Amino acid sequence: MDINKIQNLRNQAISSILEAKDKKELERLRIYYLGRKGEISQLIKKLPKLESEEKKEIGSSLNDAKRAIEEAIQNKSSTISHQSLVMDKEWLDVTAPGEKLPQGHLHLISQAIREISAVFGKIGFTRVNYPEVEREWYSFEALNMPQDHPARDDYESFFLDQKPHSKLGRMVITPHTSSGQIREMQRTKPPIRMINISRCGRPNYDATHTPTFHQFEGLVIDKNINLTHLKGIFDYFVVNFFGPKRKIRLRPFHFQFTEPSLELDINCPLCLGKGCKVCKSGWHELGGSGMVHPLVLKNGGVDPKKYSGFAFGWGVERAYLMKSGLNLNDVRLLYEPDLRFINQF
Ligand code: PHE
């Protein structure tokens, strides 16, 4: 037995301990070197047989080696404990970029209003905003809707409990954006290209109606405006708002304030007009339109002999649902705080 052999054993032990990957391996090394039958222990057992001088020297060297190996095992063991603690539970890299918070977005109706304004803005329509609480004269009278018109019943419009104006009548929550036609004619002179988007109210609540809804009203007045201009604008809007595969269909209808009057249908976003479970006929109604009635022009201060025009008034909610192919069966979903239904298509 010599000192060199003990030195080598000690070095070998310490380098293996430093490379140990886990506590199991460390325990295996401890038993190999320091266990009852371990390398160092076996040498210690041989000590009594040595000469006293040698015994002293070898003995202290073995004791040093034993202590050094024990210390190395102790240190490595706490390093491994610390590492696993940090890796498993407390890992924190303070230099890592922060987690991105989910971003909110504008309500779908606000998005639709912006898109509609942009489409009409490109062809020179001026976006205006008229009162959400109107006078009867603007909402009905001036639009050729007489006192006994059904829309003027309490169960068709929300009238405010206020003293009526002697000429302009009761106050009403704007039941449609058509009052904007009169206000725009009063505000400015032809040529007029107006897009009026506003919140409206009517006492209805079912799958296709909410008491609060939005309409966008278009008004074009100039010399020699006729039905072909109306159709041209509708074709432009439908392709630019709904997409290239969408088409329009015009049906004769009746409104008090347009003559002739038409209703506009758009082909279904799901079947593109073939007819499917959702649309049945292949078409969805968007809303009303027509050539502005001469009496309405007159009420707005425009000479019907010099000027003609067309108007349309469509629902923002309806237009949005038709565009996206969202659940077309229930407009009320748009007013729910939970908008997860957006992901259903
Ligand atoms: N104001 C009508 C409605 O709410 C729609 C309409 C607007 C019809 C303009 C013709 C012209 O149903």
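Each ligand, and each atom within it, is numbered from 1 in the order the structure gives. Keep in mind the model is a prediction, meaning the values are calculated, not measured.
Judged by the shortest distance from any of its heavy atoms, Arg202 lies inside the 4.0 Å radius around the atoms of ligand 1. For the pair Gly287 and ligand 1, no heavy-atom separation below 4.0 Å is found. Residue contacts with ligand 1 include Phe257, since one of its heavy atoms falls under 4.0 Å from the ligand.
Ligand 1 has no nitrogen or oxygen under 3.5 angstrom from a nitrogen or oxygen of Ser289. Polar contact with ligand 1: present for Gln215 (N/O pair, distance under 3.5 Å). Taking only nitrogen or oxygen atoms, main chain and side chain alike, Ser178 reaches within less than 3.5 Å of ligand 1.
In this structure, Arg183 is positioned above the aromatic face of Tyr138, its NZ or CZ under 6.0 Å from the six-membered ring centre and within 45° of the axis. A cation-pi arrangement is not found for Arg127 relative to Phe120, the charged atom failing to lie both closer than 6.0 Å to the ring centre and inside a 45° cone about the ring normal.
Taking atom 12 (O) of ligand 1 as the reference point, the nearest protein heavy-atom neighbour is Phe255 CE2, 3.9 Å. Atom 9 (C) of ligand 1 has its closest protein heavy atom at Glu217 OE2, 3.3 Å. Annotation: atom 5 (C) of ligand 1 to nearest protein heavy atom, Gly313 O, 3.6 Å.
The shortest heavy-atom contact between Val172 and Ser139 is CG1-OG, 3.7 Å.
Ligand-side atoms of ligand 1 in range of Gln181: 9 (C), range being under 4.0 angstrom from any heavy atom.
Remark: aromatic rings of Phe257 and His176 are close, center separation under 6.0 Å.
For the pair Arg318 and Glu285, the salt-bridge criterion is met [side-chain N within less than 4.0 Å of a carboxylate O].
Aromatic ring pairs are classed by plane angle as parallel below 30°, tilted from 30° to 60° and perpendicular above 60°; the pair Phe312 and Phe216 is perpendicular. Ring-plane geometry between Phe241 and Phe237 is classed as parallel, the angle between the planes falling under 30 degrees on a 0 to 90 degree scale with a further cut at 60.
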